[in-house]
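A short write-up of the structure that comes next.
Starting from 1, each residue takes its place in the sequence as its number.
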Amino acid sequence: KHIARDAGIPSLTQKHWTVLSFCREDAATTGTPPSLPRIAELSGISMKELHELFPGEPGELAARIAGLRTSGLSL
């Protein structure tokens with residue numbers, strides 16, 4: 001929650017948690033954080049919504065808030 005607040009997201013909604021849970025589960029399975037297109041395709045949250053939920057770099061921001069290593073990744 002602190003990372004989200006620092007990134008300009010004052011509170012996490014159920015849709016945020018859906019994305020964060022997906023990112024964690026997918027990374028546990030694949031060994032790397034999911035790409036933005038993969039998140040949109042498999043989480044049920046559209047690309048447009050992802051950009052609204054996680055402004056700026058949605059894939060990287062979602063992975064960072066989910067607690068995943070993002071350094072050097074192209075999301």
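- Residue pairs meeting the salt bridge (charged side-chain N to carboxylate O under 4.0 Å, His left out) criterion with at least one partner in residues 17-33, sequence neighbours excluded, are D26-R38.
- Looking only at side-chain heavy atoms (C-beta outward), L53 and T13 come within less than 4.5 Å of each other.
- Here ring-ring contact (aromatic ring centres under 6.0 Å, His included) pairs that include residues 26-56, with residues two or more places apart or in two chains, are H16-F54.
- S43 contributes atom OG, which lies 5.5 Å from atom CG of L50 (distance to the nearest 0.5 angstrom).
- Residues G59 and L36 come closest through the heavy atom pair N-CD1, 3.8 Å.
- Taking CD1 of I39 as the start and CZ of F22 as the end, the distance is 6.5 Å to the nearest 0.5 Å.
- For the atom pair CD (E41) and CE (M47), the distance works out to 9.5 Å, reported to the nearest 0.5 Å.
- Taking all atoms of both residues into account, the shortest heavy-atom contact from A63 to P33 is CB-CB, 4.0 Å.
- Closest approach of L20 to A66, counting heavy atoms only: CD2-N, 3.8 Å.
- Between P55 and I9, the closest side-chain pair of non-hydrogen atoms falls below 4.5 Å.
- Residue T18 holds its OG1 atom at 11.0 Å from CG of L12, rounded to the nearest 0.5 Å.
- The shortest non-hydrogen separation linking P58 to G56 is CD-O, 3.2 Å.
- Residues in residues 2-23 take part in these salt bridge (charged side-chain N to carboxylate O under 4.0 Å, His left out) pairs, two or more places apart or across chains: K15-E49.
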